[in-house]
Amino acid sequence: MKLFENIFKFNGGIQAETHKAISTAETIKKFGIPKKIILPLRQHIGRLAKINVNIGDYVLKGQLIANADGNVSAAIHAPTSGYIESIEKLPIPHPSGLPDFCVVIITDGKDTWVDKKPIDWKKIGYQKTVELLISSGIVGLGGATFPSHLKLTKKDHGAKLTTLIINAAECEPYITCDDMLMRERIDELIKGINLLHDFLEFEESIISIEDNKLDAIEKIKKAIINEKNISLKIVPTIYPSGDAKRLIYLTKGIKIPKNTRSSELGIQMFNVATIVAIYRFLEFGEPSLSRIITITGNIKKPRNYEVLFGTPLEEIITDAGGQKINNQTFIMGGPMMGFALPSIQVPVTKAMNCIISAETEMLKNDAPVLPCIRCARCAEACPVELQPQELYWFSKSKQLDKVEEYNLFDCIECGCCSYVCPSNIPLVQYYRFAKSEIIEERQHQEEANIARERNEFRLSRLEREKIERAERNAQRRAQTSSDEKSKLVEEKRKAIQEAMARVNKEGDNSL
């Protein structure tokens, strides 16, 4: 076992109240099978999965019900056995609050599995294993939901992967699902790390964890004491240490340049829950069917649950005792980057790592928004080293060219600037607005470019057809002229022959 002491501090960040002890007093509870499963097709970054079942079909647990549509997509599986009741638009947990297509399964309570087939990756080889992982439905379970098979490459732009960083930081307040996973399922995590280490031929694997997770740290130390390839890096508890680029810098002191992937520098990162999911797929043939989520905040019995995807959130809230103070306000994710749910009539998805029942202090929105005093606290807190106050002014005045000059799209929307602002300005909301305006403008420009190209192609086609038509007409005229000339010659020849025939006939008669 190696324990790295040196860390490389990134700029900015905040030290907020973590509120993590609320949900770690109890062990992970495995939630039962609900009567109805509602599976949104929009559970990952990229294209929606393509449904391959019909209403009325009986499906088994682990059965593929929607295929990944292309490379940047993820498959969807039946979390338990039952019948497909409907395929319709229903409310889903998404910032837009809009309904989306879902597959509804009426469960039979039997939890009957498909024929599970463990995968011997050493036997079938690297390429075939990656192809099978595309059908696993595994995405980044830290919240990003990026299809995991896309990160299982041995090289990127010619650079060989050398370092695997396991993201165990879990920096957002309230969220403890990864912490509890490490405490209770450390054996599976270590086996998964070793599997990925060998599969992608890393030179080193480093678990990076915040120093406030004392129980998990002790579990890891004991588990890796005889592991030669796995090291432990304890980083300070500072938000947003769990951001990929920030954690890489804390761990290795390497800054990932703009528009560059860490894999291009030989570094790949996976969340702890994602690693366990990959391990269980390869070792037991189990696709992505469930996850651990934190139910916390203004809750009577806060804890972590292991829940099947598609389970109605309301049932879990009820099991946790409901709210202590009824305000019907729930946040998905952490308080810094999460979003308020329109209701709890939504299902659990792959992206749902935490549900916070909003506490009284979270609801205090009566503080007036005051003018910016240019105190620069936001700039000091920004981990990406941007100039938030300038971005704010340009976003507010819709100077979109200026916000791009000031690298708006480098903003990770962590919320540090809004958190420290003494004027209570919702800075991140302005940045999101500016981003949406720019994206919309780009889309309109792209549509205009496509329309212009189509029009130019149409004019070019019409001109080409005009020239081709003229050439065909010329050829027809030329052919007609030639045919008429031949016809005249033939008629003249026949006339001469007929005249000669008459002369000969008259000569014979005269004799």
Side-chain angles (χ1 to χ4, degrees), residues 19 23 31 34-46 48-49 76 79 85-105 139 141-145 172-175 177 290-300 302 305 307-366 413-415 418 426 428-433 435-436 439-440:
H19 300 283
S23 56
F31 198 79
K35 293 181 179 179
K36 180 181 289 189
I37 289 283
I38 303 169
L39 280 176
L41 297 180
R42 192 178 302 278
Q43 295 193 51
H44 52 268
I45 287 176
L48 293 186
I76 305 289
E85 181 188 49
S86 64
I87 301 170
E88 58 183 315
K89 281 192 172 184
L90 294 169
I92 67 168
H94 191 269
S96 68
L98 298 174
D100 211 335
F101 284 105
C102 300
V103 178
V104 180
I105 301 174
V139 301
L141 296 176
T145 66
E172 275 240 37
Y174 287 93
I175 307 176
C177 54
S290 66
R291 70 159 299 138
I292 300 169
I293 66 172
T294 304
I295 306 295
T296 186
N298 175 36
I299 289 289
K300 292 179 181 178
Y305 288 87
V307 187
L308 296 175
F309 297 135
T311 299
L313 177 59
E314 185 178 25
E315 295 185 21
I316 308 168
I317 299 297
T318 301
D319 188 84
Q323 292 184 306
K324 290 184 286 187
I325 300 173
N326 188 16
N327 57 41
Q328 296 301 309
T329 303
F330 293 87
I331 297 169
M332 175 172 157
M336 301 298 292
M337 297 184 71
F339 60 91
L341 291 172
S343 75
I344 53 174
Q345 309 299 320
V346 295
V348 171
T349 63
K350 297 176 183 181
M352 190 180 285
N353 57 357
C354 180
I355 296 295
I356 306 172
S357 172
E359 298 183 279
T360 307
E361 59 266 25
M362 292 183 187
L363 300 176
K364 288 182 179 178
N365 55 6
D366 55 349
E413 300 180 18
C414 63
S418 299
V428 175
Q429 291 184 28
Y430 282 96
Y431 308 153
R432 287 173 178 164
F433 165 75
K435 285 182 180 180
S436 65
I439 291 170
E440 185 177 4

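Note that the coordinates shown come from a computational prediction; the quantities given were computed from them, not determined experimentally.
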Identify, with sequence neighbours excluded, every residue that meets side-chain contact (heavy atoms from CB on, under 4.5 Å) alongside [X].
| X | answer |
| --- | --- |
| K300 | K324 |
| E413 | C411, V428, R432, K435 |
| P312 | P34, E315 |
| Q323 | N298, N326, N327, Q328, F330, S357 |

Less than 4.5 Å apart, side chain to side chain, heavy atoms only: is that true for [X] and [Y]?
| X | Y | value |
| --- | --- | --- |
| V346 | M332 | no |
| I295 | D319 | no |
| P173 | M336 | yes |
| I293 | I316 | yes |

Heavy-atom closest pair, residues [X] and [Y]:
| X | Y | value |
| --- | --- | --- |
| P40 | C102 | CA-SG, 3.7 Å |
| P426 | S418 | C-OG, 3.9 Å |
| L39 | I105 | CD1-CD1, 4.1 Å |
| P302 | T296 | CB-CA, 3.9 Å |
| G333 | I356 | O-CD1, 3.4 Å |

Main-chain N/O of [Y] paired to [X] side chain as donor or acceptor, under 3.5 Å:
| X | Y | result |
| --- | --- | --- |
| R291 | L141 | yes |
| E172 | M337 | yes |
| T311 | L308 | yes |

Contact list for residues 335-352, test side-chain hydrogen bond (donor to acceptor under 3.5 Å, both in side chains), sequence neighbours left out: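 Listed by first then second residue: E314-Q345.
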V139/Q43 under side-chain contact (heavy atoms from CB on, under 4.5 Å): CA gap, chis, key distance, verdict: CA-CA 9 Å; V139 301; Q43 295 193 51; over 6 Å; no
Listed partners of S290 passing side chain to side chain donor-acceptor pair (under 3.5 Å), at least two apart: E306
H19 and Y174 aromatic ring geometry - parallel, tilted or perpendicular at 30°/60° bounds: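 The arrangement is parallel - the two ring planes meet at less than 30°.
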